[in-house]
Amino acid sequence: MSLAETRRKGNWVQEAATVIAHEAQGDVFKLVLAAPEIALRATPGQFVEVRVVPVGSSSVDPLLRRPISICETRMAEGSISLIYRVVGRGTRALATAIPGTKLDLLGPLGHSFPNPAAGTGTLVLIGGGLGIPPMVGAAEWAVAAGRECVAIIGARSREYLAGGAELESVGLPVTVMTEDGSLGGRGLVTQPLQALLAAGRAGEVWACGPEGMLAAIKALTVPTGVPCFVSVERFMACGFGACIGCTVAKAGQSGYFKACQDGPVFPAEEVELGG
């Protein structure tokens, strides 16, 4: 079985999840939910579709669910956490949910990152902005598997490093980069990655973040032969491939993938990434 084939496809359920905690730091929120069925099935890199209107409400506005990557999974506690930024009507509505509120979830959906136990060498996790939260669960998975692992995270400035504290709490080395130098090194996540690749210290790379960042990471890793998996960001309105709203162009051939069904995690060489 190839490394790419060790990705796991979500065995999804519909679950009424209870809000355990909901904390804000500026316009970034961390939502902890009791969702034992989803917690049992979820693997890092997968996501849930959240109906932002509470269960039992007669309102249907907003109509569409919001896709949010799973940050942490606590199987023993039957909980998951989600980190999101308020950017529009849906997330503004979600931000009002208080402990005890029930929210309707579908998940886990999509393909995960590959099993870290199947790879070799140091695993490099890279998260940019809201691409950092999925790296938290990925780091926990890798550490539990006994895989040597380091992380690189970055954003425009320190306030955009969503999930950075959760990732550092896992206990692996974390390099922080901000474009304005407000926290960590000044620059881009590709700079420390390039140094690791040049030193032969990267055995595998997983990345999630803005597409320009993913394209730059692909350009660095693919020529070296280092396996690289990227989690692409798309608005996945349905989560099941029906709406065709989350397509990703195939690299080197015609046609498209559906991010929600074929991804959101892909081997980097299989997808065409823009800036």
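These values consider heavy atoms only, across backbone and side chains, with no hydrogens, waters or symmetry-generated copies.
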Between Ile153 and Val189, is a side chain to side chain contact (heavy atoms under 4.5 Å, CB included) present by the stated rule, with each step listed?
CA-CA 6 Å; Ile153 61 174; Val189 295; 5.7 Å; no
For Ala4 and Pro267, the nearest pair of non-hydrogen atoms, with its separation, is CB-CG, 3.8 Å
Considering non-hydrogen atoms only, spot the tightest contact between Gly241 and Ile244 and give its length.
O-CD1, 3.3 Å
Separation between CD (Gln261) and SG (Cys246), nearest 0.5 Å, reads 8.0 Å
Could you check if a side-chain atom of Thr122 sits within less than 4.5 angstrom of a side-chain atom of Arg201, using non-hydrogen atoms only?
no
Say whether, by atom type as modelled, one donor and one acceptor occur between the side chain of Thr178 and the main chain of Leu183 under 3.5 angstrom.
yes
Is the backbone of Val265 close enough, under 3.5 Å, to the side chain of Arg7 for a donor and an acceptor to pair up by distance?
yes
ring-ring contact (aromatic ring centres under 6.0 Å, His included) with Tyr256: which residues, sequence neighbours excluded?
none
Heavy-atom check, side chain of Cys208 versus side chain of Met135, under 4.5 Å:
yes
Can you confirm whether more than 12 heavy atoms, excluding those of Glu23, are under 6.0 Å from its CD atom?
no
With sequence neighbours left out, what residues match Glu37 under salt bridge (Lys or Arg N to Asp or Glu O under 4.0 Å)?
Arg41
Indicate if Val52 and Ile70 have the same hydrophobic cluster label, given that clusters are the connected sets of ILVMFWY residues with side-chain heavy-atom separations under 4.5 angstrom.
yes
What pairs with Thr91 under side chain to side chain contact (heavy atoms under 4.5 Å, CB included), at least two apart in sequence or on another chain?
Tyr84, Val86, Val87
Are the side chains of Leu94 and Ile68 in contact, using a 4.5 Å heavy-atom criterion?
yes
Steps toward side chain to side chain contact (heavy atoms under 4.5 Å, CB included) verdict (Met177, Leu188):
CA-CA 6 Å; Met177 303 293 291; Leu188 305 175; over 6 Å; no
Check this for me, if you would: do Glu211 and Arg234 make a salt bridge, where the nitrogen-to-carboxylate-oxygen distance has to be below 4.0 angstrom?
yes
To the closest 0.5 Å, what do you measure between CG (Leu103) and CG (Leu82)?
9.5 Å
Among Phe113, Phe257, Phe229, Trp206, exactly one meets ring pair (Phe, Tyr, Trp, His ring centres under 6.0 Å) together with Phe266. Which residue is that?
Phe257
Do Leu105 and Phe29 sit in the same hydrophobic cluster, where Ile, Leu, Val, Met, Phe, Trp and Tyr count as joined when their side-chain heavy atoms come under 4.5 Å apart?
yes
Under 3.5 Å, is there a donor-acceptor pair between the side chain of Arg147 and the main chain of Pro116?
yes
From CG (Asp180) to CZ (Arg186), nearest 0.5 Å:
6.5 Å
Once rounded to the nearest 0.5 Å, what's the spacing between atom NZ of Lys250 and atom CD of Glu270?
9.0 Å
What one should report as the nearest heavy-atom pair of Pro114 and Glu204 is CG-OE2, 3.6 Å
Can you list the residues that meet the salt bridge (Lys or Arg N to Asp or Glu O under 4.0 Å) rule with Glu140, with sequence neighbours excluded?
Arg74
Between CG of Leu197 and SG of Cys228, what distance do you get to the nearest 0.5 Å?
9.0 Å
Does the Lys102 side chain pair with the main chain of Val55, one donor and one acceptor, at a distance under 3.5 Å?
no
Val170 vs Glu168 side-chain heavy atoms within contact, under 4.5 Å
no
Taking salt bridge (Lys or Arg N to Asp or Glu O under 4.0 Å) as the test, write out the residues that go with Arg65, two or more places apart.
Asp104
When every non-hydrogen atom of Ala202 is compared with those of Val226, the smallest separation belongs to O-CG2, 3.6 Å
Cys149 side chain near Leu125 side chain, heavy-atom distance below 4.5 Å
yes
Under a single-linkage definition using a 4.5 Å side-chain heavy-atom cutoff for Ile, Leu, Val, Met, Phe, Trp and Tyr, are Ile132 and Leu123 assigned to the same hydrophobic cluster?
yes
For side chain to side chain contact (heavy atoms under 4.5 Å, CB included), just list the numbers for Leu196 and Ile152, CA-CA rounded to whole Å, side-chain angles, deciding distance to a tenth of an Å, and then say yes or no.
CA-CA 11 Å; Leu196 289 171; Ile152 306 167; 4.1 Å; yes
Side chain proximity check, Val19 to Leu33, heavy atoms < 4.5 angstrom:
yes
More than 12 heavy atoms from other groups under 6.0 Å of CD on Gln25:
no
Hey, are the side chains of Ile126 and Val205 touching, using non-hydrogen atoms and a 4.5 Å cut-off?
yes
Non-hydrogen side-chain atoms of Val53 and Pro62 separated by less than 4.5 Å
yes
Heavy-atom pair of closest approach, residues Ala93 and Thr96
O-OG1, 2.6 Å
So NE2 of His111 and CZ of Arg8: to nearest 0.5 Å the spacing works out to 12.0 Å
For the hydrophobic clusters of this structure (ILVMFWY residues joined by side-chain heavy atoms under 4.5 Å, transitively), does one cluster hold both Val28 and Ile80?
no
Linking I/L/V/M/F/W/Y whenever their side-chain heavy atoms sit closer than 4.5 Å, directly or via other members, would Val174 and Leu161 fall into one cluster?
yes
What pair of heavy atoms forms the shortest contact from Ile83 to Cys71, and how long is it?
CD1-SG, 3.9 Å
Could you walk me through whether Val13 and Ile38 pass side chain to side chain contact (heavy atoms under 4.5 Å, CB included), step by step?
CA-CA 7 Å; Val13 295; Ile38 292 175; 3.8 Å; yes
Test item: Ser182 side-chain N/O and Arg158 main-chain N/O as donor-acceptor pair under 3.5 Å:
yes
For Met236, the other hydrophobic cluster members (4.5 Å side-chain criterion, sorted by chain and number) are Trp12, Phe47, Leu106, Leu109, Phe240
State whether Lys30 and Glu72 are salt-bridged, where the test is any N-O pair (Lys NZ or Arg NE/NH1/NH2 against Asp/Glu carboxylate O) under 4.0 Å.
yes
